Protein chains: 2
Amino acid sequence: MGRWEDNAVGRLQEAALELYSAPGYDKVTVAEISEHAGLTRRTFFRYFSDKREVLFFGAEKLEAFVAEGVLAAPPGTPALEVVATALAAVTRRSDEDPAFADFARRRHALIRTYAELRERELGKLAALAAAAAAALQRRGVADPAASLAAEAGVAAFKVGFERWIDDPRRRRLGHHVHEAMRGLGALALEQVATRSNQKPGPTPRGRR
Amino acid sequence: MGRWEDNAVGRLQEAALELYSAPGYDKVTVAEISEHAGLTRRTFFRYFSDKREVLFFGAEKLEAFVAEGVLAAPPGTPALEVVATALAAVTRRSDEDPAFADFARRRHALIRTYAELRERELGKLAALAAAAAAALQRRGVADPAASLAAEAGVAAFKVGFERWIDDPRRRRLGHHVHEAMRGLGALALEQVATRSNQKPGPTPRGRR
């Protein structure tokens, strides 16, 4: 790789963010992004399989990072707490990097605008949940508990992330994700409390 | 609409399911699906905007049905219970229709095989969660609680649905979704119990 390809990923991402905002994601070709970044189409496809992937670079690394976090939790930690802690580590990383917040906000504005990007984002979140669930299983958590903890944890992360994007007070991502995890626990408690107060519970038949 | 278009949606869905299985989703055109169903491309596009949508017909109706269920819950019902009940109504509907189970299994096998279909499915589930969250807000549940209850409820539904697809004992969808909702509550309780047992809790600063 020649020097002229230095930081190719960053340059292509920046070019894509600019051109996807104007003239627009659906109006831009890979050739135009590459040219805007001073690189070739061939270089683009060395790093990204399509026009969407340029906004999702590093998703596999993130999955591995979260899986490692899940595996590193002390034995006996409840499954949902394991997932919450692993996802909190993601927010710490990003809260320490001011450039990340800027990139994430610009990227998320595009994701909200284009259904194709939204679907890809959901696919990445589902893969993240699957990676967390697989790591929980390696810890000995059986299914469906492993999948439930992973999916619910990622769902809370998603809600916290959206709150962070929209927060006019610009509190940290870690704050919003933590609040979302706490909120999920509170909702579950409230539900369980009500169910156990109901006298003649629904019959097993009615439930099945 | 002439008589020859009777049950056009069902015929196009059946044709798509057959051809997407073999020769395969990525090898088939809308023209071929339409021809296989004895209909025209024009008829196809009257009902579906693209090759994927033919497998997701009725998603908007499902969103409206769940939103109605959310709005119909007795006042004071906890948010997560409201969502669980509305989603349980979906499973009852489908458990009463044997043709649905067959269609759902064949459809899901395709969704698991093709990333494009998986992403569209995730988009539909996200739209379902958004509809449930909006209905919760109309009930007076503030955000982030409304979004959290909706996203976590749909996450549990998704896990229950997958378990149903894979169940060698072929228990009903309602059973698996109910078990998933219960499992989510149990996980949250376990987490809350552990957190409240921790003596020197993390400082607010460390948490933010």
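Each chain gets a letter, A, B and so on, in the order its sequence line appears, and its residues count up from 1. All values derive from a computational prediction rather than experimental measurement.
Contacts between A:Ala84 and chain B at a heavy-atom distance below 4.5 Å involve the side chain alone, from C-beta outward. Heavy atoms of A:Lys124 lying under 4.5 Å from chain B are absent altogether. With a 4.5 angstrom heavy-atom cutoff, A:Arg118 does not touch chain B via any of its atoms.
Between B:Glu119 and A:Arg120, the shortest heavy-atom distance links the atoms OE2-NE, 2.7 Å.
Side chain of B:Arg138 to main chain of B:Leu71: no donor-acceptor pair is present (N/O by atom type, distance under 3.5 Å, no hydrogens or angles).
A:Thr43 and A:Thr40 form a side-chain donor-acceptor contact under 3.5 Å, judged by distance and modelled atom types alone.
Ranked by non-hydrogen atom pairs under 4.5 Å with chain A, the options B:Ser147, B:Ala79, B:Pro78 are led by B:Pro78. Put simply, of B:Glu121, B:Glu116, B:Arg163, the one with the most heavy-atom pairs under 4.5 Å next to chain A is B:Arg163. No other option in A:Lys158, A:Met181, A:Glu162 has as many heavy-atom pairs under 4.5 Å with chain B as A:Lys158. For chain B, the option among A:Pro144, A:Ala155, A:Ala152, A:Ala188 with the highest count of heavy-atom pairs below 4.5 Å is A:Pro144.
Cation-pi check for A:Arg170 over A:Trp164 is not met; the charged atom does not lie both under 6.0 angstrom from the ring centroid and within 45 degrees of its normal.
Taking the six-membered ring where the residue is Trp, A:Tyr25 and A:Tyr114 present tilted rings, their angle falling between 30° and 60°.
A salt bridge does not link A:Asp102 to A:Arg107: none of the charged nitrogens lies less than 4.0 Å from a carboxylate oxygen.
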